[in-house]
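Just so we're on the same page: letters track the sequence lines, and every chain starts at 1.
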Amino acid sequence: KAGVTQTPRYLIKTRGQQVTLSCSPISGHRSVSWYQQTPGQGLQFLFEYFSETQRNKGNFPGRFSGRQFSNSRSEMNVSTLELGDSALYLCASSPSDWNSPLHFGNGTRLTVT
Amino acid sequence: AQSVSQHNHHVILSEAASLELGCNYSYGGTVNLFWYVQYPGQHLQLLLKYFSGDPLVKGIKGFEAEFIKSKFSFNLRKPSVQWSDTAEYFCAVTSDTGRRALTFGSGTRLQVQP
């Protein structure tokens, strides 16, 4: 079974631009979560989608948004990029039942210059 | 809001030494607890989890953790580490109302010397 796939692996953007990251969950998984990992703040929860609906949201500004499609694939968008948005963005998928763990992808490394 | 503290930031051990990594959480309600591991160049993987029941939880690769509710702790242990255990270890917690929203600790980098 293929794992969680995130594209692209690396991105370099300029301050003020916007960026879209993509995540394909494991087949059959309906929940997709997004996390930001930085050396200073560690791993922080961004949001979670289930059946195309945002179910939980972390403490990030409105510049961070996401969506989920009917095939469970998810995208997250960051608008008006700031230098502090440079991070590894991780996507995780899981099945419907609460007792199943999250399966993480390898992440997209975003560098904002 | 919940929070997680991992007091050991960098641990260096020799092979066959015993390991205990500390994890304390702050949350007043029912929690679910996890340990994740990130091997060099690989994605985060679940080591073990606690939802309810026996507070001593066994995970993969010989790891175990004990949930002590009175101490708000969920320490990770392994009796004898191997070089292949070199990795970063993250403790995480979720509440019953936000089970997919993990709050992670800052991580502990474990270096096992052969």
Side-chain angles (χ1 to χ4, degrees), chain A residues 2-7 9-10 23-26 29-51 53-60 66 68 72 74 87-109, chain B residues 1-10 23-25 27 30-54 57-61 63 65 74 87-109:
Chain A
V4 177
T5 304
Q6 291 188 245
T7 56
R9 289 297 308 276
Y10 303 93
C23 172
S24 293
I26 291 172
H29 287 191
R30 295 170 63 192
S31 168
V32 174
S33 307
W34 289 89
Y35 290 80
Q36 182 196 64
Q37 186 174 23
T38 60
Q41 300 297 319
L43 279 152
Q44 294 184 285
F45 171 74
L46 278 155
F47 27 66
E48 184 231 351
Y49 286 86
F50 181 84
S51 292
T53 301
Q54 188 180 86
R55 196 158 61 172
N56 283 295
K57 189 176 190 307
N59 190 26
F60 277 81
Q68 186 181 33
S72 294
S74 177
L88 181 67
Y89 289 89
L90 296 172
C91 170
S93 74
S94 58
S96 307
D97 64 285
W98 288 117
N99 288 334
S100 293
L102 301 183
H103 297 261
F104 284 85
N106 284 323
T108 293
R109 184 163 298 280
Chain B
Q2 57 218 26
S3 65
V4 178
S5 295
Q6 290 183 245
H7 308 295
N8 315 102
H9 297 294
H10 191 192
C23 172
N24 287 91
Y25 67 91
Y27 184 69
T30 303
V31 293
N32 306 296
L33 296 154
F34 307 82
W35 275 97
Y36 279 85
V37 61
Q38 190 168 32
Y39 297 104
Q42 296 188 28
H43 57 272
L44 274 167
Q45 301 171 43
L46 180 70
L47 266 182
L48 45 80
K49 63 182 191 245
Y50 173 81
F51 284 167
S52 63
D54 188 343
V57 181
K58 294 194 185 301
I60 61 171
K61 304 187 180 185
F63 286 90
F74 191 56
E88 188 150 19
Y89 293 80
F90 295 91
C91 181
V93 63
T94 66
S95 67
D96 248 12
T97 55
R99 287 202 186 190
R100 293 283 184 259
L102 270 70
T103 298
F104 282 90
S106 55
T108 296
R109 188 174 298 279

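To the nearest 0.5 Å, the span separating CZ on Phe104(A) from CG on Leu102(B) amounts to 6.0 Å. Distance check, rounded to the nearest 0.5 Å: CD of Gln6(A) to NE2 of His43(B) gives 11.0 Å.
Other residues, nucleotides and ligands contribute at most 12 non-hydrogen atoms within 6.0 Å of the CG atom of Asn59(A).
Residue Tyr35(A) touches chain B through its side chain alone, counting heavy-atom pairs closer than 4.5 Å. Heavy atoms closer than 4.5 Å to chain B are found nowhere in Leu46(A), neither backbone nor side chain. Proximity to chain A is limited to the backbone of Gln42(B), based on heavy atoms less than 4.5 angstrom apart.
Of the options Leu43(A), Leu102(A), Asn106(A), a side-chain contact (heavy atoms from CB on, under 4.5 Å) to Leu44(B) is made by Leu43(A) and by none of the others.
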